[in-house]
Amino acid sequence: MDQKEIRYSFLEAKQKIEAWCAYQDRCHSEVYKKLRSYGLDDEDTNALLADLIVNRFLDEQRFADSYVSGKFRIKKWGKIKIKTQLKFKQVPSSCIQSALNTIDSNEYFQTLYQLAEKKWKEKKGTPFQIKGKVVLYLQSKGYENDLIFSVLEEMEGNV
């Protein structure tokens, strides 16, 4: 039997979704999709979403905070990439902005500098070619252009 064909009762779905949300912070859109995959109709899905919010299994701000923290500290993503991914997950802008504000600006700049330095040492070619590759890499990680060029200027001044 295909996973999509399995239909859960309201109580079975409630138990499964609470366990799923307790395991890791989730956003509303992820939980909504999961509940729909359980074969629940809109009415039951919305009732369960409301119940999850009331019982603090689901909290958009907590999700945004943990997402930002993890993606910045572990994956070393920049604010642009984090913000884009959170918007894709339909997290409200106010939650996104609040979560992004928790990133320490000195730590952010230091992380960007370390990434740039590491990538610069790995690349081969003329300084101009290396700089271009480092810029592209840092942009792909989601860092802001003004900060990227500021870091590269500082690096060139230290050489």
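Residue numbers start at 1 and run along the sequence shown.
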NZ/NE/NH1/NH2 to OD/OE distance under 4.0 Å, R36 and D42 |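 Yes, R36 and D42 are salt-bridged.
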
Lys/Arg-Asp/Glu bridge criterion (N-O < 4.0 Å) met for E30, K89 |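 A salt bridge is present here (some side-chain N lies under 4.0 Å from a carboxylate O).
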
Using side-chain contact (heavy atoms from CB on, under 4.5 Å) as the criterion, list what pairs up with [X], not counting sequence neighbours.
X: Q139; result: V135, L136, N145, I148
X: D104; result: N106, E107
X: K75; result: K71, W77
X: T126; result: F128, Q129

Side-chain donor or acceptor of [X] paired with backbone N/O of [Y] under 3.5 Å:
X: R26; Y: W20; result: yes
X: S69; Y: S66; result: no
X: E12; Y: S9; result: yes
X: S150; Y: D146; result: no
X: N101; Y: Q97; result: yes
X: R7; Y: G39; result: yes
X: N55; Y: F57; result: no
X: Y32; Y: L49; result: no
X: T84; Y: I80; result: yes

Could you tell me the separation between the [atom1] atom of [X] and the [atom2] atom of [Y], rounded to the nearest 0.5 Å?
X: Y137; Y: K118; atom1: OH; atom2: NZ; answer: 6.5 Å
X: D51; Y: L58; atom1: CG; atom2: CG; answer: 10.5 Å
X: L48; Y: L35; atom1: CG; atom2: CG; answer: 5.5 Å
X: F149; Y: K131; atom1: CZ; atom2: NZ; answer: 7.0 Å
X: D25; Y: E60; atom1: CG; atom2: CD; answer: 10.5 Å
X: E117; Y: L112; atom1: CD; atom2: CG; answer: 11.0 Å

Would K76 and K141 satisfy side-chain contact (heavy atoms from CB on, under 4.5 Å), going step by step from the backbone distance to the final call?
-> CA-CA 7 Å; K76 310 282 188 230; K141 293 288 275 183; 4.2 Å; yes

Taking side-chain hydrogen bond (donor to acceptor under 3.5 Å, both in side chains) as the test, write out the residues that go with E18, two or more places apart.
->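 With sequence neighbours excluded, E18 shows a side-chain hydrogen bond (donor to acceptor under 3.5 Å, both in side chains) to K14, given in chain and number order.
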
Any side-chain heavy-atom pair of [X] and [Y] under 4.5 Å:
X: I53; Y: D59; result: no
X: K16; Y: K34; result: no
X: F109; Y: L147; result: yes
X: S98; Y: C95; result: no
X: V68; Y: L86; result: yes

Take Y143 and T111 through the side-chain contact (heavy atoms from CB on, under 4.5 Å) test and state the conclusion after the steps.
-> CA-CA 10 Å; Y143 287 91; T111 300; 3.6 Å; yes

Those residues that, when tested against Y67, pass ring pair (Phe, Tyr, Trp, His ring centres under 6.0 Å) (two or more places apart) |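 Only F63 meet the ring pair (Phe, Tyr, Trp, His ring centres under 6.0 Å) criterion with Y67.
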
Considering all heavy atoms, the nearest [X]-[Y] contact:
X: Y108; Y: G78; result: OH-CA, 3.4 Å
X: S94; Y: Q61; result: O-OE1, 4.3 Å
X: W120; Y: P127; result: CH2-O, 3.8 Å
X: G125; Y: I130; result: O-CD1, 3.4 Å
X: L40; Y: Y8; result: CD2-O, 3.8 Å

Determine, stepwise, if the pair Q90 / H28 fulfils side-chain contact (heavy atoms from CB on, under 4.5 Å).
-> CA-CA 8 Å; Q90 301 169 358; H28 287 74; over 6 Å; no

Around atom NZ of K83, are there more than 12 heavy atoms of other residues, nucleotides or ligands at under 6.0 Å?
->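 No, not enclosed.
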
Worked verdict on I103 versus K79 for side-chain contact (heavy atoms from CB on, under 4.5 Å) | CA-CA 9 Å; I103 298 175; K79 291 180 180 180; 4.2 Å; yes

